[in-house]
Each structure stands twice: as structure tokens, then as C-alpha cells.
Visitor: 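Got a structure here, written out as C-alpha cells. Questions coming.
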Amino acid sequence: MFSERLENLRKNTPLVHNITNYVTVNDCANILLACGASPIMADDSEEVEDITSICSALNINIGTLNKNTIPSMFLAGKKANELHHPIILDPVGAGASKLRTETAQKLIDEIKFTVIRGNISEIKTLARGNGTTKGVDADVADKVTEENLDSVIKFTKEFAKKTGAIIAITGVIDIVADDKKAYVLRNGNTMMGKITGSGCMLTAMTAAYIAANQDNSLEAVAASICAMGVCGERAFDKIQKKHGGNSTYRNYIIDEIYNLDGKTLEECARYEIR
Amino acid sequence: MFSERLENLRKNTPLVHNITNYVTVNDCANILLACGASPIMADDSEEVEDITSICSALNINIGTLNKNTIPSMFLAGKKANELHHPIILDPVGAGASKLRTETAQKLIDEIKFTVIRGNISEIKTLARGNGTTKGVDADVADKVTEENLDSVIKFTKEFAKKTGAIIAITGVIDIVADDKKAYVLRNGNTMMGKITGSGCMLTAMTAAYIAANQDNSLEAVAASICAMGVCGERAFDKIQKKHGGNSTYRNYIIDEIYNLDGKTLEECARYEIR
Amino acid sequence: MFSERLENLRKNTPLVHNITNYVTVNDCANILLACGASPIMADDSEEVEDITSICSALNINIGTLNKNTIPSMFLAGKKANELHHPIILDPVGAGASKLRTETAQKLIDEIKFTVIRGNISEIKTLARGNGTTKGVDADVADKVTEENLDSVIKFTKEFAKKTGAIIAITGVIDIVADDKKAYVLRNGNTMMGKITGSGCMLTAMTAAYIAANQDNSLEAVAASICAMGVCGERAFDKIQKKHGGNSTYRNYIIDEIYNLDGKTLEECARYEIR
């Protein structure tokens, strides 16, 4: 039950350590507070091990990676592994530069991730060692459709098996899978692609869901993605009535996450298990 | 009179130099503009002395401190001391990592601060040399209540005496004190804890209040904290009517600061002097 | 026709590389999405050449320049020149510190910019090698008025001739000129000075306009500035009805950019060619 995943999160108020980009960091902090968690951002190599030690989960996002923060990602990741904390990776823009592709690859090689969440182009880049990411957005040629869904599910399960991580591919259709089981989720609104950080916010929130639901990580990831999609729909309804644009839309999505309860999440969820 | 402190600020439009974290920096800039000041953010060691020299106050916030910005904090702080500019410290997360605790301690040792503002756990960490900060939030065990208020006031005055700074401890009950006199303030709303940066914004705004009221710093700090609390209440009323969440709440708090006048501040203020 | 410039932008959805400050970066990303472009932020020297190579334009903003990002600005700028990508410079705070003035000067010396956009004090600093910028705002003494307009237009054309770039000076009256032709634009609202990032957002959006209109850069820059002014007016109307402040104003400006169409832009535009 997705509602139980949300309720556990609200009950546990996990502290989440984020090493993330400076573009969407404020939205990530606010969505973590909105969903019931508590954020801390810290990326200096001198303190990331201390900080991750007092937290319940680690979120690594390579959106504006640089020579100072990359070593911090490895230090924090290894410490979190040592402490058996759940860790999530958002390989933002993997495929768009050698530095991003190689750093993401090396992170996966040296750190055991609980979840890897990206768009289809980023995940394909990681699985195949190269890619055609269009900046930080998925390439149109990679798009998940009803026609190629079966093969994408197969690919996702295989990559989950290879990495030992839950793989979450988000877009118009979202897929969350471990090596055996896949959730196919169909909530959301295409306007979510018109705000910066919808992916980053989702990854940060998912860190909180897995922190609070360690006995059922796969369902927790699916619940988080579903929550984001449902709130994207509800915020879109509000925005339409007011002729709002993407900035207000971003605020309303966070507001909806703040106000979301388990009952609404269950009622609005549209997904199947494959 | 708090209203006079606000009116001086609006009249003087002080330029405030901020060395602050990248999580809440945009909100800090906007609240400085909202209250009547002008912000400049600069943290490279090559320019912080130049920048602080053209400003009227310096705000040092250690929220995402790192090996590049820490030396800049010392350079700017010493230059601001030399020029007799008011300086405020926000020891974000002191107690959460050795780096934060030690940097905050060293800053207090080497720079003369006009004001130090933090939550109770952060201030206790600085006073005692160690702490139990829960990430960037105060530990529940440290909470200021009506029961322990007398002893917290005593502690605050003592720490003010030791440091020579005005000490501001904010939470459900706020305390602002120098070594002789304490303001106990009771405005605000608990939902302010559900947005990132309510503390950072308050510190930035307080820098502006002390810049514009150098002959009465203690009352200026109290006025700034009162303004934040009053606007937190007024924004909460608006948010309730619209079923908003924490993202809109953040925007409305800044909006209320923008629209606040001295008369409203006086009428809504709830405080006592001890 | 300004409408054609906007429609080209919406059709082409250019990917824009931004090396920008951490204060307003989120707003820059959202306004790029709002106007029809796609943003990517990347500032590590290891990847800026890769990133700029897959983009259609480069935006360099020195708002929080530092020893890591300055070399990246030069690397990206030279690569973009090599690839004949349009490049825009926002010399934020040039005149406020030696580091800013000298870096901006060196950027202009070593990189060929398509556009340089700043306030009057920043542009004067670059043209004269020194200045009196008040932090990141223009000095009152420099203000462009109906009285000094002729001489400012002459100065702008001369600086355009000297640099080979289109020069855009924004304020209450905006001037956009190459060495022969100047647009004088009169849209906007003074409240735009009360939000952080109105200049940064405009520069980022202008990068998108010039990326999508490479055969008519001068008109593209004028169209972008006009769009910002028109949306500043429309957002101001909405804010007035709701007694909003500067935070909501910022959101509404981005919303208006999101919803702006060519017809509205043409109808609301107020400008002359000199």
C-alpha cells in the first residue's frame, strides 16, 4: 500500500543528507520538508562523513558536479554503505559530458546504491557506457511508449540485476523495477517537464521514502514517484484555473506534496505491476 | 520602538554583504530587498574584502561552508571589524559536524560579532564547545519552554557577556539579549519550521536592521525577529484560506515583509523585556 | 517583428549553457523553460567545453564568480567562439570589486561576445575601465533619463563599435544598440528592481532569443528585453490585485513569460528606433 509508505515517512521524519546541485537545491530542501522529512545539505569533503553519519539516507545528485564535490560524493557514499544507510543516485545529464558519464559510472562501480533514478537517456547511458542525453532532458529517440514498454521493462530489470539497485526511469510513463518486479506508473502531467528540478525533487523525496520504509524499498520508490505524479496532476488543475505558468506550478507541486495524505494518494494512483 | 527600527531601515536602504549557503541564498536576497535593503553575495577570497568595504553590514552563514568559503569568512570578517561594520553570524548546523562546530568557534574567537543568531542547539553548541544539533534543526531536548525560560535567559545573557555579542535564540519562543537586557518574543507560527531558510532569511534581514540602527542594535535585532514572526503569522492566515503548502508559505512570508509597515509591526508585536 | 523572434524561439527550443551565479540560478533555469528554451548549468573546467559543444548558446554571468568558475568561463567562451555559438555576458557587479572589473574586462578582451547586457554603471565600468557600481545595482548618478538619453545612445553605439558586441543597457529606459542602430525600450515596472535576478533572468532569456534568431540578433535582443518589460507590467497588475510582494512578483513574471504570445508582445511593446 502506497499510503502506508507515506504514513511511515510522516511518522519517522527522517533526516536526509543531500549532495546536490545548486540549481534546484532550495526546491529539494522544501519538498523534503513538505513530504515529512528534514533536509541537510553538505558537500565539503571535511564534513560529509560526519553529516551522513547522523542522517538516515543519502541523496547524491550530479547536476552541477565539480572537482570539490566529486570526492565528497565518494566519501559520503562509502560511509553510508558502511552504515547500511539507503543511498539514491540521480545521474543528472549523464551522457551530456564525459565528466558526468564517467563520474556516474565510477559512483555505481564503487558505491552500492539502493536506488538509481533518472530519465531514460541517462539510465541508458549508464547501462551502455555511452548515450545521447539532450542536456539534462531525455532524447526524443529514447522515449518510453506503449509500443516499446515491454522491452524497456526488460531492460530495466536487467540493469537492476546488474547493479543490485532499484532502477527508476521517469518520464510520461514511469518504470520502477528490481530484478524481478516492475511497477509501471501513469500519473503526472507533461507540464512537469517545464519546471526545473522536477526530477531532482523526486529523487530527494524518494531518499526520504526509502529511509522510512527500509523493509519495502521497491514499493517505497513506487509510492514516491506516484506521489509526485499525483501532486503534479493536482497542481496542474489549480494552475489552469488561475492561468498560471511554470513558476507557480513548481510552488503548487511542493504545496500539494505538503498537503498529500495516504487516502488521496491511493485514490489517485494509476499503476500496474509487471 | 520597533516601528522606528523598520522605518530607519527603509530610509537607509543599506547594502548588505552576504557570505551564505547556496540552499537559501535566493530567499535571503529577496527578503533583504523586501525589507528595504540591498543584497550582494560574494564569497571568493579575492574579492570579499573589496565587497565588504562598500557595504554597511556583513552576514556570515555557515550553512554550506567549504574549503573555499571558510577563508573568505575570516578575511571579510576581519575587514568588517577594521571598518567597524556590524557583523552577524548564523552558525547553521553547529554541532552537526566537527567542521561546522570548529569553524563557528574559530569565527567567534577571531572576529568580533555584533550579533550571533541560531536555534537553541546551535547556540548551546557554541557556548559549551559541543552539541546535539539534529542536522540543521534544534534538538527537542533543548527546546525553550515556559518552564525553562528563566534559565535560558540567564544562559543567553551569560553567553552575550562572554562573546560581547548580542545573542538571538529563535524558536517557538525567541530570546534576544545582551549581557544586561533580554527581549522575549512570542510571535511566529510553527509552520515556519516547515520551510527551508526561515532562519537564514531572518539572519540576513537582521543584518539590514543592525546596519540601519547602529545606535540601538539590541532593539534592532528584536524588531527584526518580531517582524519575521508577525509576517509568519500574517502569511499563515493567507495560506490557510487557500489550502496552500510550505512553498507558497515561503513566498507569502517574503511578500508580507515587503508590505510590512511600522504601525502593523507595533500592533502585532508580542514581547516582554526581562 | 518582435513576435517573430519569440515564435522562432518557441519553435527551436534551443539548449542554453549557463555559467552563472548561485543566487538566481533557479530563476534563470525556470525562465529559460518558460520562454521555450532548455537550460543546462555546468561550471567545472573539466566539462564546460563538452557541455557548450552540445548547446546553441552560452550565457556567462559573473554574479558569484570564483577561482574555480573563472577559468571555466574562459574555456567555455573560447570553445563557443570556435563553434560560432552566440555568447552573452552579464557583468554583474563590475565596478564593485577589482576581481569583477578585471575578470569582465579580460573576458571581453579574450572572447568575442554577441551581446553584453548590464545596468548603466556596469557598462560604464567596462567602457571606462573603472566605475561606481553600488553593489549589484546601478549608481543613481549614472541613471538614464530623457535628458541624457541622446548622449547615452551615442555612448552605447560607440561601445558596441569598440567591442563588436550588441550592447544592452537596462533600467527604467532600456537601450539596445550595435554600432549603427539603437532600440530605446520603455516597458517594465520599477518594482522589478525589488526582486533579485531580474537582470540575470533577462540575460539568460536573451541567450535563448539570440540562439533562435541568429540572422537578426539585434532585434532578438530588443524582443527579449521587451518581453521581460511587458511581463513585468502584466505581473505587476496581477500582484496589485492580490496585495502581493516581491516574491510572488518574481513568480508571476516567470509565469507571464511562460504564457506570453507574439500577439501580446507586439501589442504591448513600447519602443522607438534611433
Side-chain angles (χ1 to χ4, degrees), chain A residues 20-30 41 62-70 92-104 121 131-140 191-201 239-240 242-252 254, chain C residues 13-56 64 66-69 72 201 231 234-235 238 242 247-260:
Chain A
T20 188
N21 67 74
Y22 61 80
V23 185
T24 63
V25 59
N26 184 271
D27 296 329
C28 289
N30 272 326
M41 277 63 184
I62 67 166
T64 52
L65 81 182
N66 64 56
K67 57 181 70 56
N68 290 320
T69 54
I70 293 170
V92 181
S97 78
K98 200 160 165 271
L99 182 69
R100 287 174 195 241
T101 308
E102 289 182 358
T103 302
S121 297
T132 56
T133 314
K134 193 209 163 193
V136 293
D137 297 321
D139 195 298
V140 174
M191 192 173 164
M192 296 168 86
K194 288 293 176 191
I195 59 171
T196 192
S198 54
C200 302
M201 285 193 273
I239 219 78
Q240 288 302 92
K242 303 192 173 188
H243 310 288
N246 61 333
S247 187
T248 297
Y249 187 44
R250 179 260 318 269
N251 292 319
Y252 283 2
I254 300 173
Chain C
T13 63
L15 184 59
V16 176
H17 179 197
N18 300 271
I19 301 179
T20 188
N21 68 74
Y22 60 82
V23 185
T24 64
V25 59
N26 184 271
D27 295 330
C28 289
N30 272 326
I31 207 162
L32 279 167
L33 287 159
C35 73
S38 187
I40 185 162
M41 276 63 185
D43 61 18
D44 192 79
S45 58
E46 292 282 319
E47 73 161 349
V48 288
E49 291 167 299
D50 277 7
I51 295 292
T52 232
S53 297
I54 59 165
C55 291
S56 307
T64 53
N66 65 55
K67 55 179 73 55
N68 290 319
T69 54
S72 301
M201 285 193 273
C231 290
R234 294 167 69 86
K238 287 177 72 178
K242 303 193 176 191
S247 188
T248 297
Y249 188 44
R250 179 261 317 268
N251 293 318
Y252 283 3
I253 289 174
I254 299 173
D255 283 358
E256 290 296 324
I257 292 288
Y258 183 88
N259 288 317
L260 184 68

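Computed from a predicted structure; not experimentally measured. All heavy atoms count here, side chains included; hydrogens, waters and symmetry mates do not. Letters A, B, ... mirror the listed sequences (proteins, then strands); counts begin at 1.
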Visitor: Tell me, side chain or backbone of A:Leu65 under 4.5 Å from chain C's heavy atoms, or both, or neither?
Guide: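 Both backbone and side chain.
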Visitor: If you measure from OH on C:Tyr258 to OG1 on A:Thr248, what distance do you get to the nearest 0.5 Å?
Guide: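 If I round to the nearest 0.5 Å, the distance is 11.5 Å.
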Visitor: Heavy-atom cut-off 4.5 Å, strictly under: side chain, backbone, both or neither for A:Asn251 against chain C?
Guide: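 Only the side chain of A:Asn251 comes within 4.5 Å of chain C.
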Visitor: Would you say C:Asn68 and A:Asn66 make side-chain contact, with heavy atoms under 4.5 Å?
Guide: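 No; the side chains remain at least 4.5 Å from each other.
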Visitor: In Å, rounded to the nearest 0.5 Å, how long is the span from CD1 of C:Ile19 to OG1 of A:Thr64?
Guide: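 Reported value, rounded in 0.5 Å steps: 12.5 Å.
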Visitor: Sequence neighbours left out, what passes salt bridge (charged side-chain N to carboxylate O under 4.0 Å, His left out) with C:Lys242? Give chain and number order.
Guide: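 Counting only residues at least two positions away or on another chain, C:Lys242 forms no salt bridge (charged side-chain N to carboxylate O under 4.0 Å, His left out).
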Visitor: Determine which pairs satisfy salt bridge (charged side-chain N to carboxylate O under 4.0 Å, His left out) with at least one residue from residues 22-46 of chain C, sequence neighbours left out, and list them in order.
Guide: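 As it turns out, the salt bridge (charged side-chain N to carboxylate O under 4.0 Å, His left out) pairs with a partner in residues 22-46 of chain C, which skip direct neighbours, are A:Lys67-C:Asp44, C:Asp27-C:Arg250.
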Visitor: Look up atom OG in A:Ser247 and atom CG in C:Leu33, then write down how far apart they are to the nearest 0.5 Å.
Guide: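 Answer for the OG-CG pair, A:Ser247 versus C:Leu33, is 11.0 Å.
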Visitor: Do you know the tightest heavy-atom contact between C:Ile51 and A:Ala96?
Guide: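 It is CD1-O, 3.7 Å.
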Visitor: Taking C:Met41, C:His17, C:Glu47 one by one, which has the highest count of heavy-atom pairs under 4.5 Å against chain A?
Guide: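 Top option by heavy-atom pairs under 4.5 Å: C:Glu47.
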Visitor: Rounded to the nearest 0.5 Å, what's the gap from OH on A:Tyr22 to OG1 on C:Thr20? Could you check?
Guide: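 The distance works out to 7.0 Å.
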Visitor: May I ask you to name which of A:Met191, A:His243, A:Lys98 has the most heavy-atom pairs under 4.5 Å with chain C?
Guide: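 Ranked by contacts with chain C, first place is A:Met191.
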Visitor: Please answer whether the main-chain N or O of A:Gly244 pairs with a side-chain N or O of C:Asp255 as donor and acceptor at a distance below 3.5 Å.
Guide: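 Side chain of C:Asp255 to backbone of A:Gly244: no pair is present.
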